[in-house]
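Only one structure is covered here, and it is reproduced in the block below.
The figures that follow rest on heavy atoms only: side chains count, while hydrogens, waters and symmetry mates do not. Since this is a predicted model, take the numbers as computed values, not measurements. The first residue of the sequence shown is numbered 1, and numbering continues consecutively from there.
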Amino acid sequence: MKPALLISGDRANITTLSLDLEKKELSVAANYPAPKDSSWIDLTFSTGNVDRLVGLSEDLIEGQLYTFQIDHDRKTFKITSQQPTLGAPAHFITLHDKSALALSTYLGQSLALYPISITDEAGLILKDTPRTEVLVEFPYKSVGHGPNLDRQRQCHPHQVLEDSRGLLYVPDLGADRVWIFRRDQMKLELGGWLQCPAGTGSRHAVFSPDEKTMYVIGELSHKVVAFDLSTVPAEDIQPIDGFAPHVIPPSVHSDHQYMMDASEIRLHPKIPNVLYVTNRWERHIAEREPHLENVPKELQPGDAIAIILLSKNGREVESVKWVWTNLDTIRGVTLSDDGKYAAAVGQEGGGIEVYEIGGERGDEWTLVASLKEGLEIGIKHVIWL
């Protein structure tokens, strides 16, 4: 049976996992030596039991973007092409027209386009030709930093998305913006930006299914902000008034919340108007800031995932609830294509958990399988195969 999931991160191996829902069991299918800190991987396509994928190595100095294939029958792993980056690559996508990969670099402060070729025999391959790379001006340049002195001293592009018109959107943690780029083949031009509140730390975003709204999670503010996209591309587009749900559970003291980060945001693929947002570092508050008072000695078993139910138009928040996991420092969460299951991983411990998603609104999560024993820590990313 072909493995169901793949996990990766700041660890020695990329690991494939088998999932038996009847027995409610996860097991390791294979481990493959991985490039350093493989914090983001995407499946491009499959042929039988051979998967072709793209990954990045989040090295702080240079970092790599690479393609590879896994033959699950033979248990072989082969890198098929690779290219350097400006440093600490964070996220990539394959453009809709299959002409290039778009990559955001966290420390390189750039958005880059890497030309690709796709054939039946080789799959997706990075071309050995020059890439396009653009940098944006740091909006806090005159004062030297944003509201968060430690995290906002330069631009930090963290993700890239593409809409159906071919516009590229880049959430920037350092700039408190989502940059919008026009693309003409391999040429990029800044077309404007979505302006998040100061100190948001724009990390990741998702489109509503009709692409009329974008939801952005602030890693530093722990809030989701929403934008009306009807006027893009344009400069200084402001958030929708009154939309700012807080994703940290209220059980965490307000004076302690700044030691936590929000991480991933997802939309349910089938059920409308429900968002899922992961939290991290709840178990490490006292460790990260020893001088804090009244930090609970009895800790939650893991971090919480916020479930945000929206109004029919997706522009108002109806309610927020939380599901507590056994995962320590959630970096990655992904939903199956049919929306029936969610897989989440813990960077500092807890391994991987798979939840069944139920309820009419997709707000009932039930743990169905987990695996911790035998897995290295450092898991940052998980995908369904």
Is [Y] paired with [X] through a side-chain N to carboxylate O contact shorter than 4.0 Å?
X: Arg151; Y: Glu219; value: yes
X: Glu364; Y: Lys321; value: no
X: Arg331; Y: Asp10; value: no
X: Lys380; Y: Asp37; value: yes

Are the side chain of [X] and the backbone of [Y] linked by a donor-acceptor contact shorter than 3.5 Å?
X: Gln159; Y: Ala205; value: yes
X: Thr119; Y: Ala122; value: yes
X: Arg131; Y: Ala112; value: no

Is any side-chain heavy atom of [X] less than 4.5 Å from a side-chain heavy atom of [Y]?
X: Val206; Y: Tyr276; value: no
X: Arg266; Y: Glu264; value: yes
X: Pro35; Y: Gln64; value: no
X: Leu5; Y: Val354; value: yes
X: His268; Y: Ile357; value: yes
X: Arg165; Y: Val232; value: yes
X: Pro249; Y: Glu282; value: yes
X: Ser39; Y: Leu56; value: yes

Side chains of [X] and [Y] only: does a donor on one sit below 3.5 Å from an acceptor on the other?
X: Ser336; Y: Asp338; value: yes
X: Gln238; Y: Asp236; value: yes
X: Ser230; Y: Asp228; value: yes
X: Ser38; Y: Tyr66; value: yes

Are [X] and [Y] grouped together when hydrophobic residues (ILVMFWY) are joined by side-chain heavy atoms under 4.5 angstrom apart?
X: Val54; Y: Leu43; result: no
X: Leu335; Y: Leu161; result: no
X: Leu86; Y: Met186; result: no
X: Val323; Y: Leu299; result: no
X: Val345; Y: Ile383; result: no

Give a yes or no on this: more than 12 heavy atoms of other residues, nucleotides or ligands lie within 6.0 Å of atom [atom1] of [X].
X: Asp97; atom1: CG; result: yes
X: Asp337; atom1: CG; result: no
X: Gln185; atom1: CD; result: no
X: Asp128; atom1: CG; result: no
X: Asp241; atom1: CG; result: no

Yes or no on side-chain contact (heavy atoms from CB on, under 4.5 Å) for Lys223 and Thr200, after CA distance, side-chain angles and deciding distance? CA-CA 8 Å; Lys223 293 180 180 180; Thr200 293; over 6 Å; no
Could you walk me through whether Trp179 and Asp172 pass side chain to side chain donor-acceptor pair (under 3.5 Å), step by step? CA-CA 7 Å; Trp179 303 105; Asp172 188 324; 2.9 Å; yes
Checking side-chain contact (heavy atoms from CB on, under 4.5 Å) for the pair Ile285/Val252: CA distance, chi angles, key distance, verdict? CA-CA 10 Å; Ile285 291 172; Val252 179; 4.0 Å; yes
Taking all heavy atoms of [X] and all of [Y], pick out the closest pair and write down the distance.
X: Gly351; Y: Leu327; result: O-CD2, 3.4 Å
X: Pro3; Y: Leu385; result: O-CB, 3.6 Å
X: Ala344; Y: Val333; result: CB-CG2, 3.9 Å
X: Leu168; Y: Leu95; result: CD2-CD2, 3.8 Å
X: Ser110; Y: Thr105; result: OG-OG1, 2.6 Å
X: Thr129; Y: Pro115; result: OG1-CG, 3.5 Å

Out of curiosity, [X] [atom1] to [Y] [atom2], how far, rounded to the nearest 0.5 Å?
X: Thr67; Y: Leu53; atom1: OG1; atom2: CG; result: 9.5 Å
X: Glu162; Y: Arg183; atom1: CD; atom2: CZ; result: 6.0 Å
X: Phe68; Y: Asp51; atom1: CZ; atom2: CG; result: 9.0 Å
X: Ile7; Y: His381; atom1: CD1; atom2: NE2; result: 11.5 Å
X: His204; Y: Ile217; atom1: NE2; atom2: CD1; result: 10.5 Å
X: Trp40; Y: Ser104; atom1: CH2; atom2: OG; result: 9.5 Å

Could you list the residues that satisfy side chain to side chain contact (heavy atoms under 4.5 Å, CB included) with Thr94, not counting sequence neighbours? Lys98, Leu101, Ile116, Leu124
Classify the angle between the aromatic ring planes of Trp281 and His284 as parallel (below 30°), tilted (30 to 60°) or perpendicular (above 60°). perpendicular
Taking the inter-plane angle between the rings of Tyr215 and Phe243 on a 0 to 90° scale, is it parallel (under 30°), tilted (30 to 60°) or perpendicular (over 60°)? tilted
Residue pair Ser311, Asn313: steps toward the side chain to side chain donor-acceptor pair (under 3.5 Å) verdict: CA-CA 5 Å; Ser311 60; Asn313 67 2; 2.6 Å; yes
Ring centre gap for Phe207 and Tyr169 strictly below 6.0 Å: yes
Hydrophobic cluster of Phe138, others only, ordered by chain and residue number, side-chain cut-off 4.5 Å: Tyr140, Val143
Exactly one of Ile307, Asn279, Asp303 clears side chain to side chain contact (heavy atoms under 4.5 Å, CB included) with Trp322, and that residue is Asn279
For the pair Arg361 and Glu318, evaluate salt bridge (Lys or Arg N to Asp or Glu O under 4.0 Å) and give the outcome as yes or no after the intermediate values. CA-CA 12 Å; Arg361 299 294 305 274; Glu318 292 185 350; 3.1 Å; yes
Evaluate the side-chain contact (heavy atoms from CB on, under 4.5 Å) criterion for residues Ile330 and Ser263: first the C-alpha distance (whole Å), next the side-chain angles of each, then the deciding distance (0.1 Å), finally the verdict. CA-CA 7 Å; Ile330 303 174; Ser263 186; 5.9 Å; no
Strictly by ring-ring contact (aromatic ring centres under 6.0 Å, His included), give each pair with a member in residues 332-355 just once, sequence neighbours left out. Tyr355-Trp365
Quick one, Ile377 with Asp328, criterion side-chain contact (heavy atoms from CB on, under 4.5 Å). Give me CA distance, side-chain angles, the key distance, then yes/no. CA-CA 10 Å; Ile377 64 170; Asp328 187 352; over 6 Å; no
